[in-house]
Amino acid sequence: MSQYNFKKTQDNWRDKWFDNNLYEAKDFSPKPKKYILAELPYPSGAQLHAGHIMRYTVPDVYSRYLRMKGFNVLFPMGWDAFGLPAENYAIKTGVHPEVTTKKAIAAMKESLKQIGYGIDWTREVSSADPEYYKWTQWLFLKFYENGLAELKEMPVWWDDVSKTVLADEEILTTKEGVKISERGGNPVIRRNLKQWVLKIPQYAEKLIAGLETVDYPDAIKNAQMNWIGKSDGANIDFKIDQQKVTVFTTRIDTIYGATFLVLSPEHPLVDQITSSEQSDIVKKYQAQAKNKSDMERTETKDKTGVFTGAYAENPFSHEKLPVWIGDFVVMSYGTGALMAVPAHDARDFEFATKFNLPIKQVIKPTDDTKVTLPYSEDGILTSSDVFDNLTSSEAQQKMTEQAENQSFGSKKTNYKMRDWIFSRQRYWGEPIPLIFVEPDGHTEEVLDLPVILPSVPDYTPSSDATSPLARNTEWVSTKSKDGSPAKRETNTMPNWAGSCWYFLRYLDPHNDKEFASMDKLKYWMPVDRYFGGAEHTTMHLLYSRFWYQFFFDIGLVPNSEPYQWRLNGGLLLGPDGRKMSKSIGNVIDPMTIAENYGADALRTFICFIGPYTDTYPYNENGVRSCWRLMKNIYELKDKVTDGVEDTNVSKAYNKMVKNITSMFEDLKMNTSVSEIMIFTNQLKDVEKIDSKVWNGFLRVLAPLAPFLAEELWQELNHYTEWKNENSVHVQPWPEFDEKILENETITIAVQVNGKVREQIEITPNESEDSVKQKVMLNENVLKWTQFREVVKFIYIPNKIVSIVTN
RNA sequence: GGGCGAGUGGUGGAAUGGUAUACACGAAGGACUUAAAAUCCUUUGGCAGCAAUGUCGUAAGGGUUCGACUCCCUUCUCGCCCACCA
């Protein structure tokens, strides 16, 4: 018996496949297309890590299956090559990030080939390649030209370790309420800086509407909806002497219960309305709030605030309401001012209780249940003048109408989503292709793209919020279109920029006239299946939808949603069940596993471990069992011969093909591996295996274990030299015969009063009468039915009999 | 505080209204071996029983149904996301 040498097998077929580009996706092929996409990796470190294997294995198995099913499959790969780790490494060592990145890319590409991912490498792209980022810059300029990119002075999150601004999405809040950076966990502080922003809130409605047309799990849709944070309500003006303050409310129906207003301490009106008696105390509070970091603001659960001495008139009830300021009201949402209805809002209730302000109930429940305040549900209005007895929603409509008719308010929709801060004060990113023309400093586009990222002697970020590029004075000074002196924008784009459109470049990677041709976009888009990480739900996945929707609006792409379908994958934990971490020392290196057990065993293990979406601890014994499976399959080959007839094997074979076909369609790779194991165990028990069965089995095996399947396929067919069309991976997916699966008899269970008491044999589609006769005379059934009256006899054909007695 | 998801053997998991625990790991016993590894065979949800079998059992409680891990309600626990967002 020959021994399975997985290393030799892998080395051999890997070169054959990739040297001949076996997995090429053909533009405009008459076959139906499938675009299978997995998030592109960041090329750090030397090689692949466990996360990549978890992310790419199932998509690869699936795309291999589709290819055999006759689809023109695009399964591409590229590199999200800009980013902090390479830059931080450069700061430490002085080696240019380009050098380290290229090295990492080469090593990772080699690893991806070793695992046997069926990637079309002719379409490889790297976001740090000038040929690529030329188009990232070009696309950015489309935003600029259409008023969606804007320079804006605003409070931003500043990472004080990395010395750069970060977007809202890149900030996490710890359990203690401390704000930190998502990458690196560095402390962040608030700073006012002038930044490029992309006005993603303008696409809020389209981003919401688009979710209805795509097939994403509800969890992702919910998270994006939540992040966009749409609230329908109204802006209402309250008069304060000659001034007026506008508040945003989603509950205008509670306005008769408003007993005070609260303004953000930074609200511009505060200085004008504060009475002279309150002036000192207000100024002191404002100063305190300003010095308080956001961390401290959120840390103190206790509400604080001070009275301004001013009173505002409720436009409905004409009551005079005291105006307070409080730092729980943030300037960046709504109007920075709110009407407090302590009876119907928990925060207002807390504030009113603390400062002894009146609490007035104006909503009662629709039924007679007693309420404890604060009661924040909808209900029936009371103590609300002419609006009494209306429901909340009726009142909201009528009151908003009245406010609009009398010009003291209007319907208003607010979003939690903010402008996307798009400048980074770092080196290793795409230069923003704009210049500031002197003397007035107005911005102008750079027409000659790409703006190449210049070399600098020193990558260290500066604490004065300028980019390392700013120190390259020669590069910074340039000329405008009409020859005026100008200075370059020295900030770079965030890491997310390149990945917002990479899936479009795969479609036309070598086009130097366009970012991608419309014909190719029309052929391939949208992405049919997109696999990625859950951490990108409100970042990359939302950003790239925004870009794509905008491109659609300006006619650059053929449809409005980039991804038709999306699934988030889980993680591989260390053997101890904890997240892999160098400091804990529980990091599993997939390439070592591949080295020890073979790429096929590793792939099969990753599939077998459980559904794609879940997270699992690593288990070495699990890999060993898959390695054993490979070995067992290999050893079966000596039993293969022509003309073996075996009904049991034939049945098992057809069942396996049938089951795996539907499991692959549903991406249930874990149970597919079970089916392979069950069938293999069966083959181990027979003397001889028919070559036709073996032929089909190898094709079913091919997506999961591409190397082993290729080895045995080539041997079975006695191929002596390599030809692409002879590869197992381009063979048609095997058919199965339902007829062979039909048995002469079926065993079904008999339940008496819900408990299984007997199993009987019936012929397929046997009549109810005949089955009933068999069942009612059965001795084990009689034990439970005699001396009782059979009230009901239920027969579900070919499945079960259920008897009810009294 | 809000939203979403999940709870099944010692472990990863299977079963989406029809015989709960497929497949695999681990464990126990046995075969082979001087021995070990590897390999092979047997057993493996709890309780009672030599066994046939009975009985309980999918976080807890209730409901719908001939029949519920699966659908509905209540509670508990865990995970993830968001969070003074008016």
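Quick note on labels: first sequence line is chain A, next is B, and so on, each numbered from 1.
- Considering only residues two or more places apart in sequence or on other chains, Lys221(A) meets the salt bridge (Lys or Arg N to Asp or Glu O under 4.0 Å) condition with none of them.
- Using a 4.0 Å cut-off between charged nitrogen and carboxylate oxygen, Asp419(A) and Lys199(A) do not count as a salt-bridge pair.
- When each of G18(B), C84(B), C66(B) is scored by its nearest atom to the side-chain atoms of Ile800(A), the top-ranked nucleotide is G18(B).
- Scored by the side chain to side chain contact (heavy atoms under 4.5 Å, CB included) test, Ile794(A) finds Lys792(A), Ile796(A), Ser802(A) as partners (sequence neighbours excluded).
- Because its NZ or CZ atom is both nearer than 6.0 Å to the ring centre of Tyr634(A) and within 45° of the ring axis, Lys637(A) counts as a cation-pi partner of that residue.
- Taking the side chain of Asn621(A) as heavy atoms from C-beta on, and the options C84(B), A24(B), C25(B), the nearest nucleotide is C25(B).
- Nearer the 5' end of RNA chain B, as judged by each residue's closest nucleotide, is the contact made by Ala219(A), out of Asp345(A) and Ala219(A).
- Judged by distance alone, with hydrogens and angles left aside, Lys416(A) brings no side-chain donor or acceptor close enough to the base of C82(B) to form a pair under 3.5 Å.
- In this structure, of G13(B), U19(B), G18(B), it is U19(B) that holds the atom nearest to the side chain of Thr747(A).
- Nearest-nucleotide positions on RNA chain B place Lys684(A) closer to the 5' end than the other of Lys684(A) and Tyr333(A).
- Annotation: salt bridge (Lys or Arg N to Asp or Glu O under 4.0 Å) contacts of Glu620(A) (sequence neighbours excluded): none.
- Anti is the conformation of G13(B), whose glycosidic angle sits further than 90° from 0.
- Considering only side-chain atoms of Val330(A), the nucleotide from A22(B), A86(B), C66(B) that sits closest is A86(B).
- For Asn222(A), the side-chain atoms get nearest to G3(B) when compared with the rest of C84(B), G3(B), A86(B).
- C82(B) and A27(B) have their C1' atoms separated by 44 Å, given to the nearest Å.
- With sequence neighbours excluded, the residues forming a side chain to side chain contact (heavy atoms under 4.5 Å, CB included) with Ala749(A) are Val756(A), Ile800(A), listed by chain and number.
- At the heavy-atom level, Asn753(A) lies nowhere under 4.0 Å from the strands shown.
- Shown here are the side chain to side chain contact (heavy atoms under 4.5 Å, CB included) partners of Thr615(A), two or more places apart in sequence or in another chain: Leu571(A), Leu573(A).
- For the P atoms, the distance from U64(B) to G13(B) is 34 Å, rounded to whole Å.
- Nucleotides U77(B) and U8(B) have their C1' atoms positioned 15 Å apart, rounded to a whole Å.
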- Note on the structure: Pairing string of RNA chain B (Watson-Crick or G-U wobble, both atom distances under 3.5 Å; | = paired to other strand) is (((((((..(((.....[....)))((((((.......))))))((((....))))..(((((..]....))))))))))))....

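- For Ala223(A), whose side chain is taken as the heavy atoms from C-beta onward, the closest listed nucleotide among C66(B), C81(B), A38(B) is C81(B).
- The gap from the C1' atom of U74(B) to that of C25(B) amounts to 38 Å, rounded to the nearest Å.
- Residue-level contact check: Tyr616(A) touches the backbone only, with heavy atoms under 4.0 Å from sugar-phosphate atoms and none from bases.
- Salt bridge present: Glu766(A) and Lys774(A) bring a charged side-chain N and a carboxylate O closer than 4.0 Å.
- Legend: salt bridge (Lys or Arg N to Asp or Glu O under 4.0 Å) pairs involving residues 600-610 of chain A, not counting sequence neighbours, sorted by first then second residue: Asp60(A)-Arg603(A).
- With sequence neighbours excluded, no residue forms a salt bridge (Lys or Arg N to Asp or Glu O under 4.0 Å) with Lys772(A).
- Residues forming a ring-ring contact (aromatic ring centres under 6.0 Å, His included) with Phe546(A) (at least two apart in sequence, or on another chain): Phe143(A), Tyr203(A).
- Ile678(A) comes within 4.0 angstrom of the backbone, heavy atoms only, and of no base.
- For the pair Arg624(A) and A24(B), the criterion of a side-chain N or O lying under 4.0 Å from OP1 or OP2 is not met.
- Contacts of Glu675(A) with the nucleic acid, taken as non-hydrogen atoms under 4.0 Å apart, are absent.
- Side-chain proximity of Lys668(A) to the nucleotides A15(B), C23(B), A86(B) is greatest for A15(B).
- Across all strands shown, Asp348(A) has no heavy atoms under 4.0 Å from either base or sugar-phosphate atoms.
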Between N or O atoms, less than 3.5 Å apart, protein on one side and nucleotides 44-55 of chain B on the other: list the pairs.
from: U55(B); atom 1: OP2; to: Arg757(A); atom 2: NH1; distance (Å): 3.0

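- In this view, Phe697(A) and Phe679(A), Trp694(A) satisfy the ring-ring contact (aromatic ring centres under 6.0 Å, His included) rule, not counting sequence neighbours.
- Using a 4.0 Å cutoff on non-hydrogen atoms, the parts of residues 603-613 of chain A near RNA chain B are Phe608(A), Ile609(A), Pro611(A), ordered by number.
- Checking G3(B), A24(B), G18(B) against the side-chain heavy atoms of Asn226(A) singles out G3(B) as nearest.
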- Task: Evaluate ring-ring contact (aromatic ring centres under 6.0 Å, His included) for Phe605(A) paired with Tyr597(A), printing each intermediate quantity in order.
- Result: CA-CA 10 Å; Phe605(A) 166 69; Tyr597(A) 298 101; 9.5 Å; no

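- For Ile794(A), whose side chain is taken as the heavy atoms from C-beta onward, the closest listed nucleotide among A24(B), C82(B), C66(B) is C66(B).
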